[in-house]
Amino acid sequence: MPTDSRPLQLREARVEDAVPLTRLMLASGAAAMPYLARVHSDEATLAWMTHVLLPGTEVLVAEFRASPEGGGAAEPAGFVALDGTELEQLYIAPGLRRRGIGSLLLDAAKRGGRDELTLYTFQRNTGARAFYEHHGFTAVAFDDGSRNEEKEPDVRYRWRRSG
């Protein structure tokens, strides 16, 4: 469970989340993977978030309320995007990593009636790899980077519900 005094809630993303989720994704990616080539501008990333990711996938947002009573403006802490059984995106705000938010989002994805989840992450993203392996994902394939825009070697992970 997240260790923060403010209440955390999960909800479905809305179109008006495009700007804050794009900012969160860009900041999180830069913090976790400073070596990664930027292949799209911030504006192109926002357009993709607005016109592709939000309308085309199931996106859950984890957000903190400004006060423990649940009032005030919400602050996005992270989000997960799923396309069927493919975990497309999972990002946590840089200052909020290692507080259980990613685990909460991943558990919600697993509970979504899926018996299997698959994903790609970059081989050099050791933090993400350790996180997914801790949560029962197994590496099933390694690629040289020719399949992604960044040309960065990646690894395919799979999780299957047991029993």
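One finds the CG atom of Leu10 at 5.5 Å from the CG atom of Leu105 (value rounded to the nearest 0.5 Å). To the nearest 0.5 Å, atom CG of residue Leu8 and atom CZ of residue Arg99 are 11.0 Å apart. Taking CG of Leu54 as the reference point, atom OG1 of Thr50 lies at 6.5 Å (rounded to 0.5 Å). Rounding to the nearest 0.5 Å places OG of Ser146 at 6.5 Å from NZ of Lys151. Taken to the nearest 0.5 Å, the NZ atom of Lys110 stands 12.0 Å off from the CG atom of Leu82. Here the straight-line distance linking atom CG of Leu117 with atom CG of Leu119 works out to 8.0 Å at 0.5 Å rounding.
Across all their heavy atoms, Ala62 and Ile101 have their closest contact at CB-CG2, 3.9 Å. Looking at every heavy atom in both residues, Leu24 comes nearest to Ile92 through CD2-C, 4.0 Å. Taking all atoms of both residues into account, the shortest heavy-atom contact from Tyr91 to Ser28 is CD2-OG, 3.5 Å.
Within the 4.5 Å cutoff, the side chain of Met49 has no heavy atoms near those of the Thr45 side chain. Side-chain contact check for Met25 versus Trp48: some heavy-atom pair is nearer than 4.5 Å. Side-chain atoms of Thr121 and Val155, non-hydrogen and from C-beta on, do get closer than 4.5 Å to each other. Counting heavy atoms from C-beta outward, His135 and Ser103 have side chains that approach closer than 4.5 Å.
Exactly one residue among Leu90, Asp17, Leu53, Leu60 makes a side chain to side chain contact (heavy atoms under 4.5 Å, CB included) with Phe79. That residue is Leu53.
Within a 6.0 Å sphere centred on CD of Glu16, other residues, nucleotides and ligands contribute more than 12 heavy atoms. Applying the 6.0 Å contact sphere to CZ of Arg129 captures more than 12 heavy atoms from other residues, nucleotides or ligands.
Hydrophobic clustering of Ile, Leu, Val, Met, Phe, Trp and Tyr side chains at less than 4.5 Å, counting indirect connections, keeps Val52 apart from Leu26. With hydrophobic clusters built from ILVMFWY side chains whose heavy atoms lie under 4.5 angstrom apart, Leu21 does not share a cluster with Phe64. Residues Leu104 and Tyr132 share a hydrophobic cluster, clusters being chains of Ile/Leu/Val/Met/Phe/Trp/Tyr side chains in contact below 4.5 Å.
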* Step-by-step side chain to side chain contact (heavy atoms under 4.5 Å, CB included) determination, Thr22 to Asp42 -> CA-CA 8 Å; Thr22 299; Asp42 292 0; 6.0 Å; no
### Task
Could you walk me through whether Glu63 and Arg11 pass side chain to side chain contact (heavy atoms under 4.5 Å, CB included), step by step?
CA-CA 8 Å; Glu63 64 185 10; Arg11 64 167 176 82; 3.0 Å; yes
Apply side chain to side chain contact (heavy atoms under 4.5 Å, CB included) to Tyr157 and Thr138, showing your working. CA-CA 5 Å; Tyr157 278 95; Thr138 303; 5.5 Å; no
Residues Glu86, Thr118; criterion side chain to side chain donor-acceptor pair (under 3.5 Å); working and verdict: CA-CA 5 Å; Glu86 185 74 17; Thr118 55; 2.5 Å; yes
request  = Test side chain to side chain contact (heavy atoms under 4.5 Å, CB included) on Arg160 and Asp115 and set out the steps.
outcome  = CA-CA 6 Å; Arg160 287 193 173 129; Asp115 291 328; over 6 Å; no
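Looking only at distances, no side-chain donor or acceptor of Asp83 sits under 3.5 Å from a matching main-chain atom of Leu87. A donor-acceptor distance shorter than 3.5 angstrom exists from the side chain of Arg38 to the backbone of His40, with no hydrogens or angles considered.
Between Trp159 and Phe137, the angle of the ring planes lies from 30° to 60°, which puts this pair in the tilted group.
A cation-pi contact, defined as under 6.0 Å to the ring centre and within 45° of the axis, links Arg147 to Tyr120.
Using a 4.0 Å cut-off between charged side-chain N and carboxylate O, Asp143 and Arg156 make no salt bridge. Ion pairing between Glu58 and Arg114 holds under the 4.0 Å rule for side-chain N and carboxylate O. For Glu116 and Arg161, the salt-bridge test fails: no basic side-chain N is under 4.0 Å from an acidic carboxylate O.
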